[in-house]
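Presented below is the structure to which this report refers.
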Amino acid sequence: MPTLVIVGAQWGDEAKGKLVDVLSTEADFVVRFSGGNNAGHTVIVGDDVFKFHLLPAGILYPHVTAVLGAGMVVCPVSLLEEIDRTKAMRPGLGKLVVSSAAHVVFPYHRLLDQLEEEARGKNKIGTTSRGIGPAYTDKVQRTGIRMGEFVDPPVFRERLGEVLAVKNKLLAMFGHPPLDFESLFAEYNAYAERMAPHVASCEGMLQDAVRNGQKVMFEGAQGTFLDLDHGTYPYVTSSHPIAGGACLGTGIGPRDIGSVLGVCKSYATRVGSGPFPTELLDDTGDRIREQGHEYGTTTGRPRRCGWMDLVALKHSCRVNSMSGLVITRIDVLSGFDRIRFATKYEVQGSESTSFPVCTHEWEQVQPVYEEMAGWGGNISGARTWEDLPSEARDYVRRIEEFTETPAAILSIGPDRSETIVLRPDLVWG
Ligand code: IMP
C-alpha cells in the first residue's frame, strides 16, 4: 500500500520538511494532519529557501495535491500570506485542499495563548504564541469554528457572534478590552472568501486515493515528545504529531498506513520549556547550536541543544511503530573528537531504560552516556554509505541496534541532493 507517514521522532525541527520535499517527487498527495502554523518546515532548492508553516512542503511540485487535514487548526492570515509568498517564488504550485473539518484560528486564540502564558509565570510552556492551544481547546470544548462554517457567511456570522460573546468575557478576566464583532467579522469574512475555493470535505477524496493505489504521504509536524498524550506533558503541543495522528487527522484508517518513517537528528534539540535530560548547557551545546544553526524557523528562538537520547528515541520508534529511521544533520556533528549518546537513565540511584510519564519523574532523570569516536571533515559530498567515514557509519549502526529500527535514509546537508537512501523498500509501504 503506497502510503507513508513521516513523523518527527524527537521534539520537532528534525528536518522533516527536506525529507517530505525529497520524497514528494513520487507522491500524488501530501497531507498535513496535525498542528497549525506553530510548525516551521524549511526547504532549500538551489538558491531558493522556502519556509512553510501551514502549507505541506510537497506543494512545490505541480503534480502534488496538498491537503490540510481535519486534525489541523488553520490561521487564515498565515495561510494566505504563505500562499502569496510561495506563489511569487514558484508560480506553478500544486493544488491545495483544506478540509472543511479543520478548525480556524482567530485573533482571540492568539491573545489567550499569550495572556495564559504570562499568567503561568515561571511554569510557562514556552508556546509559539500562535493560538494553537486555545484553538484546540475550543475544538475539544465543542465551541470551535470549522472551515466549512467559516466559508459560509451566514453560518460564520452566527457562530462567531456566539463564540465571541464568551471569548470577550474571558479576555475581560485577563483585563483585556473586548474584540469588536463587526470589524472581526468583516476582516475574517474577506479571508474566508479567498479561502473558499480551497475548502472541501476531502476525507472521501483521500480514502479513494488510497483505494486506487495512489501515493499518499502524511507530513507530520512537531515531534513525538510534543504529543499531547505521549510527550512530556504538560510541555507539549495540543495535538497528536505521532503516526496515529495521521489517522485521526485525515480519516484514513490504521490498516491503510503502509510505512512510517521517523525523522531524528543525529543529536537532539528542543524549543520551549520541559524535560530534556541530555541537554548541554556548556560549550559543546553552544557548538552544536552554531554548527547546526539551531534557531527556530517559526519564532527565531535559540534551540536547546544536546546529545542524542537513545532511551527516548527507542520509545519513539515503538509509539510510532516505525518502519525505519531517517537520521538527519549527520554533517553537523563533524569535527567532534567524541560523540556521546544516552543509553540509560539513572533515577534515584537505579538504572532505568523506560520513558518517564510525569514531570516530577523527569526531574529525577540523569542520562547515562556511551561514547564513540567522532569524525572530521566535510561529509556533505557523500552519496553512498561507503562514502561516509567509518566512525559515522558505526554511530548509525549503534542507533539502529539500540532502537531495533533500521536506518532508511541519512541526510548530510540541507540540499535535496545531500541525501543517502539506504532502504528504498521501507519508504512506501
Ligand atoms: P504550541 O504548539 O505553540 O502550543 O507550543 C507548545 C510547545 O511545543 C512549545 O514548547 C513549543 O516550542 C513547541 N513546538 C510547537 N511547534 C513546534 C515545532 O514545530 N517545532 C518545535 N517545537 C514546537
Side-chain angles (χ1 to χ4, degrees), residues 6-20 32-43 51-57 68 71-75 78 82 103 105-106 108-120 122-140 219-242 245 249 262-265 267-276 279 289 292-306 312 316 328-329 359 362:
I6 301 213
V7 288
Q10 296 159 312
W11 279 282
D13 310 315
E14 300 94 347
K16 297 180 286 297
K18 171 194 156 170
L19 181 75
V20 172
R32 277 273 311 263
F33 57 84
S34 69
N37 62 332
N38 48 351
H41 290 174
T42 306
V43 177
K51 288 191 190 289
F52 296 118
H53 297 286
L54 280 163
L55 289 177
L68 304 188
M72 291 190 68
V73 291
V74 179
C75 167
S78 172
E82 205 169 305
H103 281 246
V105 179
F106 289 100
Y108 47 78
H109 292 129
R110 279 190 294 282
L111 276 172
L112 287 168
D113 198 351
Q114 287 152 21
L115 293 166
E116 283 169 10
E117 273 283 84
E118 276 162 32
R120 283 186 196 113
K122 68 175 178 52
N123 294 324
K124 278 186 182 33
I125 294 169
T127 74
T128 58
S129 310
R130 298 296 187 270
I132 305 299
Y136 277 114
T137 303
D138 277 6
K139 168 174 163 169
V140 174
E219 174 181 344
Q222 289 86 44
T224 299
F225 309 138
L226 292 173
D227 183 89
L228 187 55
D229 289 318
H230 299 287
T232 52
Y233 187 90
Y235 301 101
V236 292
T237 191
S238 302
S239 64
H240 296 289
I242 59 170
V263 188
C264 67
K265 284 178 185 170
Y267 47 95
T269 64
R270 169 162 209 170
V271 213
S273 322
F276 182 5
E279 180 173 17
R289 185 176 308 103
H293 310 291
E294 291 291 357
Y295 294 87
T297 311
T298 301
T299 58
R301 288 180 287 180
R303 294 181 183 137
R304 299 160 64 192
C305 296
S316 176
T328 67
R329 318 209 90 200
T359 306
W362 278 107

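Ligands are counted one by one from 1 in listed order, and the atoms in each one are counted from 1 as well. Numbers here are sequence positions counted from 1. Bear in mind that the values here come from a model prediction, so they are computed numbers and not experimental data.
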**Study point:** Side-chain donor-acceptor contact under 3.5 Å, D138 with H103
**Key:** no
Practice item. Return the set of residues passing salt bridge (Lys or Arg N to Asp or Glu O under 4.0 Å) with K265 (not counting sequence neighbours), or none when no residue passes. Key: E294
Review point. For residues S78 and N37, is any side-chain donor paired with an opposing acceptor at under 3.5 Å?
Key: yes
Check your understanding: Does a donor on one side chain sit under 3.5 Å from an acceptor on the other, for R270 and T232?
Key -> yes
**Study point:** R130/D113 ion pair, N-O < 4.0 Å
**Key:** no
Review point. In terms of the angle between their ring planes, are Y108 and F106 parallel, tilted or perpendicular, with boundaries placed at 30° and 60°?
Key: parallel
Check your understanding: Which protein residues have a heavy atom closer than 4.0 Å to any atom of ligand 1, listed by chain and number?
Key -> W11, D13, N38, A39, G40, I125, G126, T127, T128, Q222, L226, V236, T237, V271, G272, R301
